[in-house]
Amino acid sequence: MPELSDIANEFIREEIEEFLELPEEIERNIRLFSRASSLMQNIAAALIDGDMSTVDSLTRQALDEGVEALEIMDDGLIAGMGIVGIKFREGYVFVPEVLISARAMKAGMAHIEPILAASGVEPIGTVIMGTVQGDLHDIGKNLCIMLLRGGGFKVIDLGVNTKPAEFIEAVREHGAHLIGMSALLTTTMPNMAKTVEAFVDEGLREAVRFMVGGAPVTPEFGKDVGADGYGKDALACVELAKKLAVEVC
Ligand code: B1M
């Protein structure tokens, strides 16, 4: 088991020591950061600190040095946002700080997106993606979209706060068969069920496949709302989309 002292970045060490209390979160983060390269640790530290220009330049530097886009995403950007999430939950930081870190994350993602999207092959199918009604969280959804595009899908991004009628309209307009719904709030998760029900009411349910995901969503919840599959992360979302595409695209 790695120790806190195995993490090279002093700022990350202090963040873990000062703000993390749950033993499993401490252990997970020590494991994650101790195996991450120092450049990835520096990206995560800058993201936690809300330092957009450093996240921007270090992400560019990492790509120029040949680091895989997925490694930067997982060990730098998502790892940093994980710490921000814990600090937010525990009341150490508030919405403005989280937004500043989210902006830094987007600056890093802007370099990664074109690389993940550059597959240049005929699309496997069209996916309609949206964060459900009432929910404004879009970072996870956007990561899924990047990887879906990189995985050969055409993706129509409906953004956040997506009403059931908007999903239906997009499916009709684009002739799509795959729908991805993201939710980050326990209060908006039921809107996944409402969206599926709206498709049933329109007589469109059989023609499409629903994927669901987001931090509070579980495979069981996915089944309960009538979805066809659940993705635990952006890679799983792409695998699921490929599996469901075989059925409907
Ligand atoms: Co909010 N927020 N937030 N927030 N926020 C959470 C979700 C929360 C858990 C924080 C906490 O208390 N610990 C909490 C929810 C509690 C709950 O519901 N039980 C919360 C709250 C309470 C709120 C507000 C209500 C706060 C307030 O105003 N008092 C408010 C709600 C606004 C609204 O939506 N109506 C709010 C606002 C915000 C910000 C605007 C400040 C900002 C969002 C910025 C943005 O997205 N543009 C924000 C953020 C950033 C977070 C945290 C810190 C980080 C979320 C995130 O981006 N994670 C979050 C805490 C946390 O989750 N640790 C929190 C990184 C992202 C990569 O992960 O989205 O899970 P995630 O996506 C993953 C997987 O889940 C999966 O793939 C992704 C990559 O691996 N995935 C899918 C996602 N969608 C998928 C779809 C798929 C498949 C996989 O198939 C279709």
Side-chain angles (χ1 to χ4, degrees), residues 19-22 25 28-29 32 44 47-48 50 69-70 72-109 112 116 127-148 150-151 153 155-162 167 176 178-192 195-196 208-219 221-222 225 227-245:
F19 299 112
L20 271 54
E21 277 159 28
L22 298 178
E25 287 182 344
R28 195 180 58 240
N29 278 281
L32 200 165
L47 187 141
I48 297 166
L70 277 179
I72 303 173
M73 211 172 94
D74 287 341
D75 295 353
L77 302 172
I78 295 182
M81 191 49 100
I83 302 263
V84 176
I86 294 168
K87 288 170 75 177
F88 186 42
R89 184 190 68 207
E90 303 299 334
Y92 291 115
V93 294
F94 301 96
V95 171
E97 289 97 328
V98 177
L99 274 179
I100 290 170
S101 289
R103 204 182 51 171
M105 180 149 188
K106 283 188 178 167
M109 278 158 49
I112 291 177
L116 295 176
V127 187
I128 307 294
M129 285 285 282
T131 302
V132 295
Q133 186 165 13
D135 203 318
L136 303 177
H137 296 84
D138 65 357
I139 297 174
K141 167 187 70 67
N142 292 344
L143 289 177
C144 290
I145 290 177
M146 277 187 217
L147 292 203
L148 282 166
F153 287 90
V155 183
I156 308 298
D157 181 8
L158 300 184
V160 296
N161 189 22
T162 313
F167 280 105
L178 290 173
I179 299 156
M181 295 187 283
S182 185
L184 265 286
L185 297 172
T186 45
T187 48
T188 59
M189 285 163 66
N191 293 334
M192 292 180 155
T195 305
V196 176
V208 295
R209 294 291 179 273
F210 283 96
M211 312 184 284
V212 291
V217 180
T218 61
F221 182 82
V225 300
D228 301 289
Y230 155 84
K232 82 168 167 41
D233 55 28
L235 273 178
C237 176
V238 179
E239 289 314 309
L240 179 60
K242 285 183 177 163
K243 186 175 140 237
L244 295 175

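Here the structure is a predicted model, which is why all the values come from computation and not from measurement. Counting convention: from 1, in listed order, for ligands and their atoms alike.
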Subject >> Identity and distance of the protein heavy atom lying nearest atom 58 (N) of ligand 1 >> reply: Met81 CG, 4.0 Å
**OP:** Provide, to 0.1 Å, the distance between atom 79 (C) of ligand 1 and the closest protein heavy atom, together with that atom's residue and name.
**Re:** Ala234 N, 3.7 Å
**OP:** Select one of side chain, backbone, both or neither to describe which atoms of Ala215 lie under 4.0 Å from any atom of ligand 1, heavy atoms only.
**Re:** both
Original post:
With a cut-off of 4.0 Å, which atoms of ligand 1 are near a heavy atom of Asp135?
Top reply: 34 (O)
Subject >> Heavy-atom pair with the smallest gap, counting every atom of Val217 and Ala183 >> reply: CG2-O, 3.9 Å
Subject >> Validation row: Thr218, Tyr230 side chains within 4.5 angstrom (heavy atoms) >> reply: no
Subject >> Non-hydrogen side-chain atoms of Met211 and Ile179 separated by less than 4.5 Å >> reply: no
Original post:
Does the side chain of Gln133 come within less than 4.5 Å of Thr188's, by heavy atoms?
Top reply: no
Original post:
Should Arg89 and Glu25 count as side-chain neighbours, where that means a heavy-atom distance under 4.5 Å?
Top reply: yes
Original post:
Considering only heavy atoms from C-beta outward, does the side chain of Cys144 approach that of Met129 to under 4.5 Å?
Top reply: yes
Subject >> Heavy-atom pair with the smallest gap, counting every atom of Leu47 and Ser101 >> reply: O-OG, 2.8 Å
Original post:
Considering only heavy atoms of Ser182, which atoms of ligand 1 have at least one such atom less than 4.0 Å away?
Top reply: 83 (C), 84 (N), 85 (C)
**OP:** Name the closest protein heavy atom to atom 72 (O) of ligand 1, giving the residue it belongs to and the distance to 0.1 Å.
**Re:** Gly140 CA, 3.2 Å
Original post:
N/O of Asp233 under 3.5 Å from N/O of ligand 1, yes or no?
Top reply: no
Subject >> Within reach of ligand 1, part of Leu143 (heavy-atom separation under 4.0 Å) >> reply: side chain
**OP:** Search all heavy atoms of Leu143 against all heavy atoms of Met105 and return the closest pair with its distance.
**Re:** CD1-CE, 4.2 Å
**OP:** Examine Leu136 against ligand 1 and note whether any of their N/O atoms are separated by less than 3.5 Å.
**Re:** yes
Original post:
Which residue and non-hydrogen atom of the protein lie closest to atom 18 (O) of ligand 1, and at what distance in Å?
Top reply: Thr186 N, 2.9 Å
Original post:
Within 45° of the ring axis of Phe19 and under 6.0 Å from its six-membered ring centre, is that where the NZ or CZ of Lys87 lies?
Top reply: yes
Original post:
Does Asp135 reach the main-chain N or O of Leu185 with its side chain, forming a donor-acceptor pair under 3.5 Å?
Top reply: yes
**OP:** Could you tell me whether atom 24 (C) of ligand 1 has a protein heavy atom closer than 4.0 Å?
**Re:** no
Original post:
Is any heavy atom of the protein nearer than 4.0 Å to atom 9 (C) of ligand 1?
Top reply: no
Subject >> Every N, O or S from the protein that is nearer than 2.8 Å to atom 1 (Co) of ligand 1 >> reply: His137 NE2
Original post:
Between Lys232 and Glu239, is there a side-chain N and carboxylate O pair less than 4.0 Å apart?
Top reply: no
**OP:** Can you confirm whether something in the protein, heavy atoms only, sits under 4.0 Å from atom 51 (C) of ligand 1?
**Re:** yes
Original post:
Which atom names give the shortest non-hydrogen contact between Asp228 and Phe210, and what distance separates them?
Top reply: OD2-N, 2.6 Å
Subject >> Heavy-atom nearest option to atom 39 (C) of ligand 1, drawn from Leu148, Asn161, Leu99 >> reply: Leu99
Subject >> Shortest non-hydrogen separation from Val208 to Ala176 and the atoms involved >> reply: CG1-O, 4.1 Å
Subject >> Side-chain touch Phe88/Val95, heavy atoms, less than 4.5 angstrom >> reply: yes
Subject >> Protein heavy atom at shortest distance from atom 45 (C) of ligand 1 >> reply: Asp138 OD1, 3.3 Å
Original post:
Quick one: does Met181's side chain get under 4.5 Å of Thr195's, heavy atoms only?
Top reply: yes
Original post:
Mind checking whether Ile86 and Asn29 have side chains closer than 4.5 Å, heavy atoms only?
Top reply: yes
Subject >> Atom indices of ligand 1 within 4.0 angstrom of Gly134 heavy atoms, with elements >> reply: 33 (C), 34 (O), 35 (N)
Subject >> Which atom of His137 lies closest to which atom of Thr131, heavy atoms considered >> reply: O-OG1, 2.9 Å
**OP:** Below 4.0 angstrom from a heavy atom of Gly180, which ligand 1 atoms are there? Numbered from 1 as shown, please.
**Re:** 91 (C)
Original post:
At what distance is the nearest protein heavy atom to atom 81 (N) of ligand 1, and which residue and atom is it?
Top reply: Gly214 N, 3.5 Å
Original post:
To the nearest 0.5 Å, how far apart are CG in Leu244 and CG in Leu178?
Top reply: 6.0 Å
Original post:
Looking at Met181, which atoms of ligand 1 are within less than 4.0 Å of one of its heavy atoms?
Top reply: 86 (C), 91 (C)
Subject >> Polar contact flag for Thr187 and ligand 1 (N/O pairs, less than 3.5 Å) >> reply: no
Subject >> Side chain, backbone, both or neither: the part of Val84 lying under 4.0 Å from ligand 1 by heavy atom >> reply: neither
**OP:** Starting from atom 89 (C) of ligand 1, find the nearest protein heavy-atom neighbour and note its residue, name and distance.
**Re:** Gly231 O, 3.2 Å
Original post:
For atom 4 (N) of ligand 1, is some protein heavy-atom partner under 4.0 Å away?
Top reply: yes
**OP:** Below 4.0 angstrom from a heavy atom of Lys232, which ligand 1 atoms are there? Numbered from 1 as shown, please.
**Re:** 74 (C), 76 (C)
Original post:
Looking at atom 13 (N) of ligand 1, what's its closest protein heavy atom, distance included?
Top reply: Arg89 CB, 2.8 Å
Original post:
Are Asp138 and Lys106 close enough for a salt bridge, meaning some N to O gap below 4.0 Å?
Top reply: yes
Original post:
Are any of the protein's heavy atoms under 4.0 angstrom from atom 87 (C) of ligand 1, yes or no?
Top reply: yes
